[in-house]
Amino acid sequence: MERCVYCGKALSEKVTRAKAHTREFDVCSEPCRDGVEAYIQKDKKYKFPMFLMILAGGVGFLISAMLGHGTNGMLGAYLGQMIAGAAFLFFPYPIVSFETFFSVPIKSVTRICRILGVALIVWGVILIVMVIN
C-alpha cells in the first residue's frame, strides 16, 4: 500500500499531487501537498548551508583531534560537534534523493534530524562543561 510522502499515512482512493522539481509525489491531502512543496523550497535554499555547517564542524573536530593537546585540546571538536548539531536542528534537509521519502516520510526525516541535532548540541555542551571544570 502506498503512503503519503509527507506524513506517512496510507493513501486513499483520492490522492493529491505535490510537485517536486521534475516529478510529482502522491500525498493524502492539501496540507500535506503544501508541506511537501514548502519542504522542497526550503531544501533547495538551505541544503548547501547545512552541508557547509556539517563540514565546518568536521574540520573543527579534525583540527582539534590532530593539533589539540592538554585539557582543552578537544574544545574545537566539541564546538564542531555543536555546529553540526545546529545544522541538523535548524536545517533538517539531509536527503539527496527525494525517492527516500517513499520509505521515510518528510515529517519523520525532519523529526529525526532535529532530535539528532539536539542530541549533538547537548552532548557537546556536556563535554565542554566537563573539560572546563
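Taken together through direct or relayed side-chain contacts under 4.5 Å among Ile, Leu, Val, Met, Phe, Trp and Tyr, V96 and F102 form parts of separate hydrophobic clusters. Linking Ile, Leu, Val, Met, Phe, Trp and Tyr residues whenever their side-chain heavy atoms come within less than 4.5 Å leaves I54 and L52 in two separate clusters. Transitive grouping of hydrophobic side chains (ILVMFWY, heavy atoms separated by less than 4.5 Å) brings L79 and I126 into a common cluster. In the hydrophobic clustering of ILVMFWY residues, with side-chain heavy atoms under 4.5 Å counting as a link, L55 and L67 come out together.
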Walk me through it: do R33 and R17 pass the test side chain to side chain contact (heavy atoms under 4.5 Å, CB included)? CA-CA 7 Å; R33 183 199 68 204; R17 308 284 287 173; over 6 Å; no
Let's go through Y6 and F25 carefully: what are the C-alpha distance in whole Å and the side-chain angles of both, what is the deciding distance for side chain to side chain contact (heavy atoms under 4.5 Å, CB included) to 0.1 Å, and is it a yes or a no? CA-CA 9 Å; Y6 187 72; F25 292 101; over 6 Å; no
Go through V131 and M74 one step at a time and tell me if the side chain to side chain contact (heavy atoms under 4.5 Å, CB included) criterion holds. CA-CA 8 Å; V131 166; M74 291 301 284; 5.6 Å; no
Tell me, with the steps shown, if D26 and R3 meet side chain to side chain contact (heavy atoms under 4.5 Å, CB included). CA-CA 8 Å; D26 292 334; R3 300 202 166 276; over 6 Å; no
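Side-chain contact between V5 and V27: present, with at least one pair of heavy atoms (C-beta onward) separated by less than 4.5 Å. Using a 4.5 Å cut-off on side-chain heavy atoms (C-beta onward), Q81 and L127 make contact.
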Show every donor-acceptor pair shorter than 3.5 Å between a side-chain atom in residues 104-123 and any protein atom, with sequence neighbours excluded, or say none if there are none.
residue : atom : partner : partner atom : Å
T110    : OG1  : I106    : O            : 3.0
R114    : NE   : L89     : O            : 3.1

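A side-chain donor-acceptor contact under 3.5 Å links S64 to the backbone of G73.
For the atom pair NZ of K42 and CD of E37, the computed distance is 13.0 Å after rounding to the nearest 0.5 Å.
Of all heavy-atom pairs spanning C7 and C4, the tightest one is N-SG, 3.6 Å.
Counting heavy-atom neighbours within 6.0 Å of K9 NZ, excluding the residue itself, gives a total of 12 or less.
Pairs of residues two or more places apart, or lying in two chains, that qualify as ring pair (Phe, Tyr, Trp, His ring centres under 6.0 Å) and include a residue from residues 36-61 are Y39-Y93, Y39-F101, Y46-F91.
K47 is linked by a salt bridge (Lys or Arg N to Asp or Glu O under 4.0 Å) to D43, counting only residues two or more places apart in sequence or in another chain.
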